[in-house]
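Chain letters run A, B, ... following the sequence lines, proteins first, then strands; residues in each count from 1.
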2 protein chains.
Amino acid sequence: MKAHCDAHSHRPESLADLTERLRARARKVTGPRQAILDLLRRQRHPLSNREIWRALPPSDCNLATIYRAIHLLERLGMVKRFDFGDGVARFELVREGDDGHHHHLVCTVCASVVEIADCFPVEWERQIAKEHGFGSVTHKLEFFGVCPQCQ
Amino acid sequence: MKAHCDAHSHRPESLADLTERLRARARKVTGPRQAILDLLRRQRHPLSNREIWRALPPSDCNLATIYRAIHLLERLGMVKRFDFGDGVARFELVREGDDGHHHHLVCTVCASVVEIADCFPVEWERQIAKEHGFGSVTHKLEFFGVCPQCQ
DNA sequence: ATCGCTGCAAAAATTTTGCAGGTAA
DNA sequence: TTACCTGCAAAATTTTTGCAGCGAT
C-alpha cells in the first residue's frame with residue numbers, strides 16, 4: 001500500500017524565484033510581499049497571519065496587508081492553509097510544481113510540529129468518493145499527541 | 001487492514017438520558033441546555049454555535065449561553081468539535097460510552113455532509129507515534145469533494 | 001438556601017473593507 | 001502613466017467576560 005504523497009525536501013526556494021512567480025502572474029513585487037515570502041521560506045512549519053506579523057519588524061508590514069497578501073498567495077496556490085483545530089489558520093509556502101499536500105503531528109501541550117510523510121491511501125479515498133458519488137475528493141489529515149519533551 | 005472505528009447508529013439518545021448525564025455530573029438541567037441537547041440529538045451532522053442559535057426560537061436561548069453550554073458539553077465529552085476548514089467550529093452530540101471518533105465527506109459547493117465509516121489505520125497511527133516518540137496520538141481526518149447534485 | 005446558570009451588554013479578538021496616497025512595471 | 005498595493009482607521013464578525021438576578025436542586 002502506497003501513500004500518494006512523500007515527504008518533500010525542506011531546502012527553501014530562493015526569494016528571487018518566489019517573487020518571479022508573482023511577477024509571472026502579473027502581481028507586483030512589493031516590500032511587504034517580499035518580507036512575508038522571505039519569512040515563510042525560512043519556516044518549516046505553518047504560521048498564522050498574526051505570527052507572521054509579530055515576526056516581522058513593525059515597519060515592514062501592516063497586519064491588514066498580511067491578510068490581503070496571504071489571501072492572494074493562497075489564491076495563486078503559493079501558500080497552503082492548515083488547520084490544527086485551535087481555530088487559527090496557519091499557512092505554509094508551497095514549492096513550485098508541488099501541491100503542498102502533507103500532514104503534521106502536533107504536540108497538544110507545547111504546539112511543536114513534526115511533518116509527516118505518510119498519507120491516507122489513495123485507493124481508500126477513491127473508494128469513498130465512488131461510494132458516495134462525489135467528485136474531486138481530497139482530504140485533510142492531522143495528528144495530535146504529546147511530544148517526547150512534554151511527556 | 002481494519003479501521004479502528006465503525007459507523008455508529010444514528011438512533012438518537014433520548015433527551016431524558018442526555019439530561020441525566022448532566023445531572024450525574026452535578027450540572028443543572030436548564031431550559032437552554034435542554035433546548036440545545038434536544039436540537040443536537042435530532043441532527044445527523046455537526047452544527048455551529050450560530051446555527052444552533054438560529055435554529056432555536058429566540059426566546060429559548062441567548063447566543064452567549066450557547067457558547068457557554070457548548071464549552072461545558074465539550075469538556076464533559078458529550079459533544080465533539082469538528083472542523084471543516086472554513087474557520088467555523090461545528091459540534092455533534094457524542095453517544096454515551098462512545099468517543100465520537102469518525103469522519104465526514106463534505107461538499108465544497110453546497111456544504112452537505114456525509115458520514116464516513118472508514119478511518120485511518122491504527123497501525124499506521126501507532127507507527128507514526130512511535131517514530132517520533134509521541135504519546136496519546138489521535139488524528140482528525142475529513143474529506144472534501146463535490147457531491148452528486150452539485151456536479 | 002445555595003450556588004450555578006442566564007440574559008444583557010460591554011469588551012476583546014479576529015478578519016474585512018473604504019479610501020487616499022504611493023509605487024512597481 | 002496606470003493599475004495595483006499599502007497604511008490607517010473604521011466596520012463587521014466572532015468569541016469571551018462581568019454582573020446582577022433567577023432558578024434547579
Please determine whether a side-chain nitrogen or oxygen atom of [X] lies at a distance below 4.0 Å from atom OP1 or OP2 of [N].
X       : N      : answer
B/Asn62 : C/dC8  : yes
B/Tyr67 : D/dT16 : no
A/His71 : C/dT16 : yes

Rounded to whole angstroms, how far apart are [atom1] on [X] and [atom2] on [N]?
X       : N      : atom1 : atom2 : answer
A/Arg50 : D/dT15 : CZ    : P     : 15 Å
B/Glu51 : D/dT14 : CD    : C1'   : 14 Å
A/Asp83 : C/dT14 : CG    : P     : 15 Å
B/Asn49 : D/dT15 : CG    : C1'   : 9 Å
B/Leu63 : C/dA12 : CG    : C1'   : 15 Å
B/Leu72 : C/dC3  : CG    : P     : 19 Å
B/Asp86 : C/dT14 : CG    : C1'   : 15 Å
A/Trp53 : C/dT15 : CH2   : P     : 13 Å

Grouping I, L, V, M, F, W and Y whenever their side-chain heavy atoms are under 4.5 Å apart, do A/Ile66 and A/Val88 come out in a common cluster?
no
In one Ile/Leu/Val/Met/Phe/Trp/Tyr side-chain cluster, 4.5 Å: A/Tyr67, A/Val79:
yes
For A/His104 and A/Phe82, take the angle between the two ring planes, folded into 0 to 90°, and tell me which bin it lands in: parallel under 30, tilted 30 to 60, perpendicular over 60.
perpendicular
Mind telling me whether A/His132 and A/Phe134 have parallel, tilted or perpendicular rings, with 30° and 60° as the class edges?
perpendicular
Under 3.5 Å, side chain of B/Glu142 to main-chain N/O of B/Asp83, donor-acceptor pair present?
no
Nearest to the B/Arg68 side chain among C/dC8, D/dT16, C/dT15, which nucleotide is it?
C/dC8
At under 4.0 Å between heavy atoms, what does A/Ala64 touch on the DNA or RNA strands: base, sugar-phosphate, or nothing?
base
Considering non-hydrogen atoms only, spot the tightest contact between B/Cys110 and B/Cys147 and give its length.
SG-SG, 3.8 Å
Considering only heavy atoms from C-beta outward, does the side chain of B/Lys140 approach that of A/Lys140 to under 4.5 Å?
no
Expected list for residues 18-36 of chain A near DNA chain C, using heavy atoms below 4.0 Å, is A/Arg23, A/Lys28, A/Val29
